[in-house]
Every structure is written in C-alpha cells, then in structure tokens.
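The sequence lines fix the lettering, A, B, ..., with proteins before strands; numbering per chain opens at 1.
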2 protein chains.
Amino acid sequence: MTSPAPHPLDTVFAALADPTRRAILTMLLEDDMAVTDVAHPFAMSLAAISKHLAVLADAGLITQEKRGRVKWCKLEPDALRAASVWMQGFGQFDPVDLDAFERFLASELPEDSEI
Amino acid sequence: MTSPAPHPLDTVFAALADPTRRAILTMLLEDDMAVTDVAHPFAMSLAAISKHLAVLADAGLITQEKRGRVKWCKLEPDALRAASVWMQGFGQFDPVDLDAFERFLASELPEDSEI
DNA sequence: GGGATCGTCAACCGGTTGGTTGAATATGCG
DNA sequence: CGCATATTCAACCAACCGGTTGACGATCCC
C-alpha cells in the first residue's frame, strides 16, 4: 500500500515476461481451472504456481473465485487490451495472424513431461 | 553465455515491463537519438540509461550504431511483432486504435520532455 | 470427529535488476 | 598535443524474483 503504485503496463508486461505464466494463460484459454490442476503439468511446487497465479491476478490477467475448497482461475483477456494498444502504436502487426499464434501456442505449452 | 537462452518473448516482455524503457521506445518513435540525448529527460545517471538501452538492444527492440563518438539508437518495431501476435491470440484488441495510443503516449512520456 | 485434499503463508535462499558512483576508453576539436 | 564530449566498464548496493520447504487454515467426506 505504501508503494507508489506502478503503471498498470508495468505489472502486465512483467507478468507476461515469465514463460510459466504465459503457459498458464494459454492453458486457461481452454477453460477455467483449479489451482491444483493448473500446477499439474509443471515441474515445480504448488506454492510456486500459487505465487505465479497471484502475479497474474495482480496484473488483472486472471481472476480467482473460491467455490468450496477449490479456487477457480479464469482468464481475463481484457487486461491485455491496454498492452496490445500500446504495442500497436509501434506498427500494425498482422492483427489476426492465427497461424503464427498456433505456432507460439505449440512452443509455449508445457510438454507434461518437462517444462 | 552459459545460460540456457531464454525464450525471446521473455526478454521482450521483460524489456517492456519498465516504464523508463517504454518511454525510451516512445521517444525513439519520433526519431533516432544519441545515448546522451535519450538520457536527457530522465532523472537518472547516463550509465543507468546506457544499461536500459542495452536491455532494449538485447531484446531486439532497438539497434545501436556507433558513428564517430556518438552511438545512435534506432527503434526496431518488428521485434514487437511476435509479442503482439502472441497477445492477439487472446482476442482481437482494436487492431488500430490510435486515439487510445495517443493517450498512452501522453501518459508515458517523461514529464519535462519536449522531444 | 478424523483423515485426506486444496491452497496459502512464512521463512529462507541464490540470482537478477535497477540504480549509484568513479575510473576508463574512444573520439572530435582547437 | 591537450582538453572536452560520448559512452561504457567495474564495483557496489538494496530490492525484488522465482523457487524451495514446512506449517497452517479450510473444506469435503466417511
């Protein structure tokens, strides 16, 4: 609370700078997930994933709703809008190049065996 | 050199996560600049700006060409393409909303700048 | 109640980041 | 040459990051 509140783009870009967090976002593109299920494909502790999810939530990229004892994670793609707009200012980047996206998606998803 | 070479998106997003570096990119949108001139509007040492420029260059977001004793910094907006494509995969974000960009530009430029 | 599951908290650790200073290296110029 | 300008290098520092482990509070279910 005492910190001078960083620019929203700071937290969004910082959240996106980690491959684990980008992979999580990609997974959530499919469907909402519980924390434990998010953690499953990764070779790291549940606590680590919990922290990553907190970072994503702080950036507004996901929301977490606790239902019963399981906490559901939901993608909030609108949080990317400001960042996307900022980048668009530097040029028009193939607004809808889904082929390229599929390639990135494939290269970013955890391989289940190892990340 | 021993590090396992991070994903390109890691370095690009990490570079964008700092407001000083985003401001530098915005300045370079206007024109190529020398390191000293880049540093001028900021309230920090030249060495600090030099480091920021190294981060941007490492991410491929700028190139630096030394001509005489002055090193010119040039924006390389193509480096944003992969990041932009990645984000577009989460939704179409107003591909060309330049009004919004102008607002962000105004809010991101260093205060005393008349660049 | 009691045990298993879900998730976070707290403390710790090594590595990185963003900044500082002061010295060093080029280069241009009178 | 000798000095000013342009930029980086090196060492240092506090703060942050990404990860671990172990203990803990909730919640479900028998």
Side-chain angles (χ1 to χ4, degrees), chain A residues 1-7 9-25 27-28 32-59 61-74 110 114-115, chain B residues 1-7 9-25 27-28 32-59 61-74 110:
Chain A
M1 293 263 221
T2 62
S3 358
H7 194 287
L9 287 186
D10 293 8
T11 44
V12 169
F13 281 130
L16 296 180
D18 186 279
T20 301
R21 287 193 291 261
R22 286 197 308 277
I24 291 174
L25 292 180
M27 286 187 267
L28 290 179
D32 299 359
M33 296 178 76
V35 173
T36 304
D37 296 331
V38 169
H40 183 252
F42 296 98
M44 71 181 72
S45 71
L46 184 61
I49 296 295
S50 182
K51 281 191 193 179
H52 279 304
L53 290 170
V55 171
L56 290 171
D58 187 57
L61 290 164
I62 67 168
T63 49
Q64 296 180 284
E65 180 199 357
K66 190 168 171 186
R67 240 173 7 238
R69 65 180 163 173
V70 41
K71 201 167 183 178
W72 292 91
C73 305
K74 181 183 190 312
E114 196 179 339
I115 179 70
Chain B
M1 297 281 187
T2 63
S3 357
H7 194 289
L9 287 185
D10 293 8
T11 45
V12 169
F13 281 130
L16 296 180
D18 185 281
T20 302
R21 288 193 290 261
R22 285 198 310 276
I24 290 174
L25 291 179
M27 287 187 265
L28 290 178
D32 298 0
M33 296 178 76
V35 173
T36 304
D37 296 331
V38 170
H40 184 251
F42 296 97
M44 70 181 73
S45 72
L46 186 60
I49 296 295
S50 182
K51 282 191 193 179
H52 279 304
L53 290 170
V55 171
L56 290 171
D58 187 58
L61 291 164
I62 67 169
T63 50
Q64 296 180 284
E65 180 198 358
K66 190 169 173 184
R67 228 158 36 221
R69 64 180 162 172
V70 42
K71 200 166 183 177
W72 292 91
C73 305
K74 183 183 189 313

Worksheet item: Within less than 4.0 Å of OP1 or OP2 of D:dT7, is there a side-chain N or O belonging to B:S50?
Response: no
Item to complete: Evaluate the side-chain proximity of B:Q64 to B:V35: yes if any heavy-atom separation is below 4.5 Å, no if none is.
Response: yes
Worksheet item: Going from OG1 on B:T36 to NZ on B:K71, what distance comes out if it is rounded to the nearest 0.5 angstrom?
Response: 11.5 Å
Worksheet entry | Nucleotide D:dT8, atom P - distance to CD1 of B:I49 in whole Å | 11 Å
Discussion item. Do A:L61 and A:V55 have side chains that approach each other closer than 4.5 Å (heavy atoms only, starting at C-beta)?
Written reply: no
Practice prompt. Measure from the side-chain heavy atoms of A:T20 and tell me the nearest of D:dT27, C:dG7, D:dG19.
Written response: D:dG19
Practice prompt. Measure from CG on A:L56 to P on D:dG18 and round the result to the nearest Å.
Written response: 10 Å
Discussion item. Side chain of B:V35 only, heavy atoms from C-beta on: which candidate in D:dT20, D:dT8, C:dT20 is closest?
Written reply: D:dT8
Worksheet item: Which listed nucleotide (C:dG7, D:dT20, D:dA6) is nearest to the side chain of A:A34?
Response: C:dG7
Worksheet item: Considering heavy-atom distances to DNA chain D, does A:K66 or A:H52 have its closest nucleotide positioned more toward the 5' end?
Response: A:H52
Worksheet item: A:S45 or B:V70: which one's nearest nucleotide on DNA chain D is closer to the 5' end?
Response: B:V70
Worksheet, complete the sentence: Rounded to whole Å, CG of B:L46 lies from C1' of C:dG19 at a distance of 13 Å
Item to complete: Could you tell me whether the side chain of B:F13 reaches within less than 4.5 Å of the side chain of A:R21, counting heavy atoms only?
Response: no
Item to complete: Hey, could you give me the NE2/CE distance between B:H52 and B:M44, rounded to the nearest 0.5 Å?
Response: 4.5 Å
Fill in: Distance in angstrom units between B:Q64 CD and D:dT7 C1', rounded
10 Å
Worksheet item: Between atom CZ in B:F13 and atom C1' in C:dT16, what is the gap in whole Å?
Response: 20 Å
Discussion item. Among C:dC9, C:dG28, C:dT21, which nucleotide has an atom closest to any side-chain atom of B:R69?
Written reply: C:dG28
Worksheet item: Atom CE of B:M33 and atom C1' of D:dA6: how far apart are they, to the nearest Å?
Response: 14 Å
Practice prompt. In whole angstrom, give the distance that lies between atom CG of B:D18 and atom C1' of C:dG19.
Written response: 11 Å
Worksheet item: Which is true for A:R21 with a 4.0 Å heavy-atom rule: it touches a base, it touches only sugar-phosphate, or it touches nothing?
Response: sugar-phosphate
Worksheet item: Any donor-acceptor pair under 3.5 Å joining the side chain of A:K51 to the base of D:dG19?
Response: yes
Practice prompt. Just compare C:dC6, D:dT7, D:dT20 and give me whichever is closest to any side-chain atom of A:A48.
Written response: D:dT20
Item to complete: Could you state the atom-to-atom distance from CG of B:L53 to P of D:dC9 in whole Å?
Response: 13 Å
